Amino acid sequence: MQKPKLVRITTIPLSLEKLLEGQLSFMEQYYDVTAVSAEKERLEAHGEKEGVKTFYVPLTRKITPVQDLKAVYKLYRFLQQEKPSIVHSHTPKAGIVGMLAAYLAKVPHRLHTVAGLPLMEATGFKRRILNIVEKSTYRFATAIYPNSQGLYDFILSENFTSKNKLKIIGKGSSNGIDTNYFSTDHFPEVEQKQMKEELGIDRDDFVFVFVGRIVRDKGINELVSAFVKLQKEHVKCSLLLIGPFEEDLDPLDPQIVEEIHQHPRIYTTGYQQDVRPYFALSDALAFPSYREGFPNVVLQAGAMGLPSIVSDINGCNEIIEADVNGIIVPVKDEQSLYNAMHRLISEPLLAHKLSEKSRSLITSKFERKQVWNALLENYRQL
C-alpha cells in the first residue's frame, strides 16, 4: 500500500538538523516524506542522512518580498505536482511561504508549528508587518501547533487565530530529547578534564555554559556583563559560549563583543555539531534568552544533569521549576542573573541538589519518542 505524502518545511537546513533531528526518518516509516528548505547542498546531505527526499526552495530569514513570492510560486508548483496529504512548516519564513503555497495548491492538511516568535521583540513598523505575516500564516493553515503553553496563550492574547485551530502536541517541545544520547555516561571524567585543558579552562573552574546563537535576543549582553562582575569576585569561574555570532541579524553591543574576545575567562567555540562534550565539562547552563518556543538547549542541559539559570519566559519556565532543577530570573535583568550565578557558585549544596533533579525531570516528560508518537497520532487523526 502506498504511503501518504508528508512535506516538512523549514527556512534553513540547520533547523531540520537541530530542531527536528531524527524525526523525519521516524516519520518515513509511515509517510513518504520530503524535506523542503534553502541551502541545496546542506539540505541534500541532511536528506541523505535521514533517508528522505528533498526539494530546494531559496528561502531567506530576512524580509525579502520579491524573493519570497518566487519561493511561494516554486513551492506551489511542486505541491501541485506531488499532491501531499500534509504540509507541515516550522520557523516564521517557512511558515508564511509554506502555508500560502499549500493553500493555493489545495493541500488538505496545512500545519504550522510555532517554536518562538521574533515579533515578541519587535516594535513599531516592523512589529506591525510581522503581526500581519503571522496572522496570514495562521489563516492559510488548517492547524497551528504552539510548542509551549506560553506561546499558546500569547497567540490567543494577540488574536492571531481562533482557539479551535490551536493544539499543543504532547507536553510541549517540537522534537523532545534523546535522553540516551544526551547523557554524561558517554563522557568519563578523564575526558572532561582533558577537554578543559584543550580549551584552556582551569581544571577546577566552575564553568557556566551557554549554547545558541551569540546574539542580543539570547541575553548575551546581560550574561557577559553579569559574568564579568561575578568573575572579579569569584576568580575560579569561566564562561563558555557555544554557537555562531550573527552580526548582520541581531548584533551584540560592541563593548560586549570586545569583552568576549578580550576576557581571559570567556571562551568561544563557534557552532558545534555535537554540544554534549561541552555540557559534560560544565557545571551549569546560563540561558537568559528574551524569547523562546520550547528551547532544546534547556532540555539537553537537563538531560546532561546540569542545573539551569533561565529567564522567565514561555518554554524555559515550563521546563525549569524554580529551585528544583534550576533558577528562574526576570528577562533582561542583569542583576538578577548575576545573583543567580553567584548563588550556584557560593552554595555548592544548592547546585548539587538542582543537578540531581535535572535529568529525572527531563526523562519523565520530554523523551523524544514520546513527542514523535504524539505527533504521529495527531497526523493519523487528521
Side-chain angles (χ1 to χ4, degrees), residues 2-13 15-16 19-20 23-24 27-28 30-40 43 46-47 50 52-61 63-117 130-147 151 155 160-162 164-169 174-175 293 375-382:
Q2 192 173 18
K3 294 185 290 188
K5 293 182 178 181
L6 167 65
V7 174
R8 302 293 296 270
I9 309 174
T10 64
T11 307
I12 56 175
S15 298
L16 291 170
L19 300 182
L20 301 176
Q23 190 178 132
L24 300 193
M27 291 299 175
E28 179 66 25
Y30 311 96
Y31 291 87
D32 181 2
V33 178
T34 300
V36 174
S37 196
E39 300 173 17
K40 191 171 189 292
L43 171 64
H46 184 69
E50 294 274 331
V52 301
K53 293 181 290 187
T54 61
F55 182 72
Y56 162 71
V57 175
L59 298 166
T60 71
R61 294 171 64 193
I63 299 173
T64 51
V66 174
Q67 193 167 340
D68 297 341
L69 287 173
K70 290 179 180 178
V72 168
Y73 181 70
K74 181 176 183 179
L75 184 55
Y76 160 72
R77 292 294 301 272
F78 171 76
L79 296 176
Q80 261 199 329
Q81 179 181 341
E82 289 294 308
K83 294 181 170 51
S85 300
I86 303 170
V87 171
H88 187 172
S89 60
H90 299 253
T91 67
K93 179 59 74 68
I96 184 61
V97 170
M99 291 300 94
L100 175 55
Y103 173 82
L104 294 173
K106 296 182 171 58
V107 176
H109 303 294
R110 306 179 298 275
L111 318 175
H112 177 62
T113 289
V114 184
L117 290 168
L130 292 177
N131 280 354
I132 292 169
V133 170
E134 204 68 20
K135 286 184 177 181
S136 300
T137 301
Y138 299 175
R139 187 177 298 119
F140 296 132
T142 55
I144 303 297
Y145 299 152
N147 73 348
L151 279 175
I155 290 167
F160 285 158
T161 192
S162 59
N164 60 5
K165 270 195 178 184
L166 295 174
K167 183 175 184 179
I168 298 173
I169 304 298
S174 300
N175 204 39
L375 181 59
L376 176 61
E377 180 62 26
N378 192 75
Y379 282 168
R380 286 172 165 169
Q381 290 174 0
L382 293 174

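From a predicted model like this one, the values you see are computed outputs, not experimental measurements.
Under the ring-ring contact (aromatic ring centres under 6.0 Å, His included) criterion, Y30 pairs with F26, not counting sequence neighbours. Here Y76 pairs with nothing under the ring-ring contact (aromatic ring centres under 6.0 Å, His included) rule; sequence neighbours left out. Remark: H88 pairs with H90, Y145, Y379 by the ring-ring contact (aromatic ring centres under 6.0 Å, His included) rule, at least two apart or across chains. Residues satisfying the side-chain contact (heavy atoms from CB on, under 4.5 Å) test with S15, not counting sequence neighbours, are T10, I12, L19, T91. Residues satisfying the side-chain contact (heavy atoms from CB on, under 4.5 Å) criterion with S136, sequence neighbours excluded, are I96, I132, R139, F140. Not a single salt bridge (Lys or Arg N to Asp or Glu O under 4.0 Å) links K74 to another residue, sequence neighbours left out.
In this structure, CG in D32 is found 14.0 Å from CE in M27, a value given to the nearest 0.5 Å. With rounding to the nearest 0.5 Å, the separation of CG in L16 from CZ in R8 is 8.5 Å.
Listed for the K165 side chain is a donor-acceptor partner under 3.5 Å among the backbone atoms of A141. Looking at E28, its side chain never comes within 3.5 Å of a backbone N or O of E50 through a donor-acceptor pair. The main-chain N or O of A94 is found under 3.5 Å from a side-chain atom of T11 such that the two form a donor-acceptor pair.
Taking all atoms of both residues into account, the shortest heavy-atom contact from A71 to L59 is CB-CD2, 3.9 Å. Nearest heavy-atom pair, K93 versus D68, reported as atom, atom and distance to 0.1 Å: NZ-OD1, 3.0 Å.
Counting heavy-atom neighbours within 6.0 Å of Q381 CD, excluding the residue itself, gives a total above 12. Residue K70 qualifies as open at atom NZ: its count of foreign heavy atoms under 6.0 Å is 12 or below.
Paired with F78 under the rule ring pair (Phe, Tyr, Trp, His ring centres under 6.0 Å), one option of Y56, F55, Y73 passes, and it is F55.
Defined by atom type and a distance below 3.5 Å, a donor-acceptor pair is present between the side-chain atoms of H112 and S89.
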